[in-house]
Amino acid sequence: MKLGIVGLPNVGKSTLFNSLTRAKADAANYPFCTIEPNMGVVAVPDERLARLAALYNSEKVTPAVIEFVDIAGLVRGASKGEGLGNRFLSHIREVDAIVHVVRCFEDENVVHVDTLPDPLRDIDTVNIELILSDLEALERRLAKSAKGARGEKAPQKEQAVLARVKEALEAGKTARSLTLDEDEQEIVDGVNLLTSKKILYAANVGESGLAEGGGNKFARAVREFAETEGSEVFMVCAKMEAEISEFDEEDRKALLADYGCESGLDKLIAAAYRLLGLISFLTAGPKETRAWTIVKGTKAPQAAGKIHTDFERGFIRAEIVNYDDLTRLGSYTLAKERGLVRLEGRDYTMRDGDVALFRFNV
């Protein structure tokens with residue numbers, strides 16, 4: 001999974017990036033402190049892996065990973081060359097979803113590009129710049145498509161779908177706000193529009209806002225807005241997350257427990273999995289225990305293909321045992337004796353927590 005981080009300057013983007021990745025990206029109190037895209041890879045915390053590895057005496061444990069891309073802050077006029085963020089929008093056209101960091105704290109010592117925080121105005125500013133950037137990309141694609149449209153059904157359909165998207169963008173709407181069928185969505189996905197990607201809002205509050213549990217008035221406004229477009233929201237104090245990222249695991253857990261909250265990374269991952277409809281299945285053995293991320297609804301052969309294309313091509317069957325059953329009994333052999341290891345065929349839909357062994361022949 002790959003996530004792009006966007007937002008206005010000085011909203012806490014790079015601070016959040018640092019806390020999530022424990023990287024050392026610049027995070028200073030002035031606009032455009034980030035002048036190159038920052039990239040980092042983070043392991044998805046999964047306590048199941050350690051238990052399985054102990055059960056199988058695995059030599060190696062490989063978690064699922066998330067790649068983060070943090071670009072320079074966007075400002076009003078970015079699509080026309082203002083600021084620096086527009087230079088790096090290309091870096092997030094390939095991501096699976098966008099994390100939009102929204103400033104939900106007041107601090108006179110941290111400058112705001114529009115003087116005072118206003119989450120809904122800030123969201124609108126970023127959305128407009130993404131829409132304008134998409135319009136440029138769409139116009140280039142339409143011009144290219146038009147050259148081969150005459151008499152060809154596929155380009156004609158593409159022209160019709162993209163023209164409909166262009167009309168929505170020109171009206172100030174995002175591409176994801178349109179209702180499209182599967183074929184139409186495939187056409188739009190091929191253009192990699194920023195506004196067609198799903199959005200995860202990170203409401204960046206101060207420590208006092210975090211202590212309030214439900215968040216302050218700014219965070220509540222972001223949550224209400226996100227509900228109108230079916231997006232996910234998680235509340236985080238990026239400043240605190242960056243500070244505790246330097247602590248060891250036990251101290252981090254203790255401090256978060258004092259605030260009665262999860263880590264920002266745990267919140268983000270849970271929200272991203274819900275937003276993208278993702279689950280994890282597991283494989284385990286003496287050599288390696290590993291988590292594999294798939295879309296909910298994936299069939300067994302396609303899940304096997306995540307491991308190796310030969311597994312999907314020569315798929316015979318999957319031996320599946322539920323993680324809870326396996327760890328409760330403490331052995332695969334015992335789970336098999338109790339009838340808890342199932343033989344599943346091509347039509348089996350994978351479930352979160354399935355421990356799988358794929359049989360194949362090529």
S.K.: Ignoring hydrogens, what is the shortest heavy-atom contact between Phe311 and Ala304? Give both atom names and the distance.
M.R.: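 So the minimum-distance heavy-atom pair works out to CB-O, 3.3 Å.
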S.K.: With distance as the sole test, does Gln159 use its side chain to make a donor-acceptor pair with the main-chain N or O of Leu142 at under 3.5 Å?
M.R.: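 Confirmed, Gln159 side chain pairs with Leu142 backbone.
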S.K.: Ala318 and Ala300: which non-hydrogen atoms are nearest, and at how many Å?
M.R.: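 Between these two residues, the closest heavy atoms are CB-CB, 4.4 Å.
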S.K.: What I want to find out is whether Arg328 reaches Asp325 closely enough, with some N-O distance under 4.0 Å, to be called a salt bridge.
M.R.: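 Answer for the salt bridge query: yes.
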S.K.: Take Met1 and Leu276 through the test side chain to side chain contact (heavy atoms under 4.5 Å, CB included) and record every step on the way to the result.
M.R.: CA-CA 10 Å; Met1 179 163 54; Leu276 297 172; 3.4 Å; yes
S.K.: Check Arg223 with Glu227, please: is the shortest side-chain N to carboxylate O separation under 4.0 Å?
M.R.: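 Answer for the salt bridge query: no.
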S.K.: Is a side-chain donor-acceptor pair under 3.5 Å present for Asp181 with Gln185?
M.R.: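 No, no side-chain donor-acceptor pair sits under 3.5 Å.
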S.K.: Leu265 pairs by side-chain contact (heavy atoms from CB on, under 4.5 Å) with which of Val44, Val42, Leu16?
M.R.: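 Among Val44, Val42, Leu16, the one meeting side-chain contact (heavy atoms from CB on, under 4.5 Å) with Leu265 is Val42.
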S.K.: Roughly how far, to the nearest 0.5 Å, is CG of Asp134 from CG of Leu193?
M.R.: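 If I round to the nearest 0.5 Å, the distance is 4.5 Å.
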S.K.: If you apply the rule side chain to side chain contact (heavy atoms under 4.5 Å, CB included), what do you find for Tyr332 with Leu326, and how did you get there?
M.R.: CA-CA 6 Å; Tyr332 184 85; Leu326 178 59; 4.2 Å; yes
S.K.: If you apply the rule side chain to side chain donor-acceptor pair (under 3.5 Å), what do you find for Ser263 with Asp266, and how did you get there?
M.R.: CA-CA 5 Å; Ser263 75; Asp266 288 344; 3.3 Å; yes
S.K.: Calculate, to the nearest 0.5 Å, the distance between atoms CD and CG belonging to Glu158 and Asp183 respectively.
M.R.: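 The CG atom of Asp183 is 12.5 Å from CD of Glu158, to the nearest 0.5 Å.
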S.K.: Does Thr309 use its side chain to pair, donor to acceptor, with the backbone of Gly305 at less than 3.5 Å?
M.R.: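 Not confirmed, Thr309 side chain does not pair with Gly305 backbone.
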S.K.: So for atom CZ, which belongs to Arg338, do other residues, nucleotides or ligands contribute more than 12 heavy atoms lying within a distance under 6.0 Å?
M.R.: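 No, CZ of Arg338 has 12 or fewer neighbouring heavy atoms, counting only those of other groups under 6.0 Å.
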S.K.: Given side chain to side chain donor-acceptor pair (under 3.5 Å), test Glu288 with Thr62 step by step and report yes or no.
M.R.: CA-CA 7 Å; Glu288 182 184 42; Thr62 306; 2.5 Å; yes
S.K.: Applying side-chain contact (heavy atoms from CB on, under 4.5 Å) between Ile5 and each of Val95, Val101, Ile98, Val69, report the one that passes.
M.R.: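 The side-chain contact (heavy atoms from CB on, under 4.5 Å) with Ile5 is passed solely by Val101 among Val95, Val101, Ile98, Val69.
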S.K.: So, Thr289 and Arg51: side-chain donor and acceptor under 3.5 Å apart, yes or no?
M.R.: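 Short answer, no.
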S.K.: Just checking, any donor-acceptor pair under 3.5 angstrom between side chains of Lys198 and Ser231?
M.R.: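 Their side chains do not contain a donor-acceptor pair, so the 3.5 Å distance test is not met.
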S.K.: What's the verdict on side chain to side chain contact (heavy atoms under 4.5 Å, CB included) for Val222 and Cys104, showing C-alpha distance, side-chain angles and the deciding distance?
M.R.: CA-CA 9 Å; Val222 173; Cys104 293; 3.8 Å; yes
S.K.: If you count heavy atoms of other groups shown closer than 6.0 angstrom to NZ of Lys239, is the number above 12?
M.R.: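 12 or below, so no.
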S.K.: Per the side-chain contact (heavy atoms from CB on, under 4.5 Å) rule, which among Val188, Val165, Leu169 passes with Leu178?
M.R.: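 Looking at Val188, Val165, Leu169, the match for Leu178 under the side-chain contact (heavy atoms from CB on, under 4.5 Å) is Val165.
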S.K.: Taking atom CD of Glu186 as the centre, report whether more than 12 heavy atoms of other residues, nucleotides or ligands fall under 6.0 Å from it.
M.R.: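 Counting other residues, nucleotides and ligands, CD of Glu186 stays at 12 neighbours or fewer.
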S.K.: Would you mind reporting whether Asn322 and Val355 have side-chain heavy atoms less than 4.5 Å apart?
M.R.: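 They are not in side-chain contact.
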S.K.: Quick check: closest heavy atoms across Leu120 and Ala221, and the distance to 0.1 Å?
M.R.: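 Closest approach of Leu120 to Ala221, heavy atoms only: CD2-O, 3.8 Å.
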S.K.: Inspect the surroundings of NZ in Lys2 and state if more than 12 heavy atoms from other residues, nucleotides or ligands are less than 6.0 Å away.
M.R.: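 Correct, the count exceeds 12.
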S.K.: Side chain to side chain donor-acceptor pair (under 3.5 Å) for Thr195 and Thr174? Distances and angles first, verdict last.
M.R.: CA-CA 5 Å; Thr195 63; Thr174 61; 5.5 Å; no
S.K.: To the nearest 0.5 angstrom, please state how far the CZ atom of Arg290 sits from the NZ atom of Lys306.
M.R.: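 Result: 9.5 Å between the selected atoms.
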S.K.: Please report the shortest heavy-atom distance between Met350 and Ala303, naming the atom on each side.
M.R.: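 Where Met350 meets Ala303 most closely, the heavy atoms are CG-CB, 3.6 Å.
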S.K.: Give the C-alpha distance, both sets of side-chain angles, the deciding distance and a yes or no for salt bridge (charged side-chain N to carboxylate O under 4.0 Å, His left out) between Arg342 and Glu319.
M.R.: CA-CA 6 Å; Arg342 310 184 310 276; Glu319 296 180 15; over 6 Å; no
S.K.: Is the terminal nitrogen or CZ of Arg103 (NZ for Lys, CZ for Arg) located under 6.0 angstrom from the six-membered ring centre of Phe105 and within 45° of that ring's axis?
M.R.: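 Yes - Arg103 lies over the ring of Phe105, closer than 6.0 Å to its centre and within 45° of its axis.
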S.K.: Quick check on Glu167: does its CD atom have over 12 non-hydrogen neighbours (other residues, nucleotides or ligands) under 6.0 Å away?
M.R.: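 Atom CD in Glu167 is not crowded, with 12 or fewer foreign heavy atoms closer than 6.0 Å.
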S.K.: Quick check on the 6.0 Å ring-centre criterion: do Phe315 and Phe360 meet it?
M.R.: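 Centroid separation for Phe315 and Phe360: 6.0 Å or greater.
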S.K.: Salt bridge or not between Arg274 and Glu232? Use side-chain N to carboxylate O under 4.0 Å.
M.R.: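 Salt bridge between Arg274 and Glu232, a charged N being under 4.0 Å from a carboxylate O: yes.
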S.K.: Apply side chain to side chain donor-acceptor pair (under 3.5 Å) to the pair Trp292 and Thr283, showing each step before the final yes or no.
M.R.: CA-CA 8 Å; Trp292 304 86; Thr283 54; 2.9 Å; yes
S.K.: Which residues pass the ring-ring contact (aromatic ring centres under 6.0 Å, His included) test with Tyr273, not counting sequence neighbours?
M.R.: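 Residues passing ring-ring contact (aromatic ring centres under 6.0 Å, His included) with Tyr273: none at all.
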S.K.: Quick one about Asn18 and Thr15 (side-chain donor to acceptor, distance below 3.5 Å, no hydrogens or angles considered), yes or no?
M.R.: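 Distance-only check fails for Thr15 and Asn18.
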S.K.: Do Arg48 and Asp352 sit within salt-bridge range, that is, some charged N less than 4.0 Å from a carboxylate O?
M.R.: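 Looking at Asp352 together with Arg48, the answer is yes, because their closest N to O distance falls below 4.0 Å.
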S.K.: Let's go through Leu138 and Val191 carefully: what are the C-alpha distance in whole Å and the side-chain angles of both, what is the deciding distance for side chain to side chain contact (heavy atoms under 4.5 Å, CB included) to 0.1 Å, and is it a yes or a no?
M.R.: CA-CA 7 Å; Leu138 201 56; Val191 190; 4.3 Å; yes
S.K.: Between the side chains of Lys157 and Glu184, is the shortest nitrogen-to-carboxylate-oxygen separation below 4.0 Å, so that they form an ion pair?
M.R.: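 Salt bridge: no.
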S.K.: Hey, are Arg313 and Asp310 close enough for a salt bridge, meaning a charged N less than 4.0 Å from a carboxylate O?
M.R.: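 Looking at Asp310 together with Arg313, the answer is yes, because their closest N to O distance falls below 4.0 Å.
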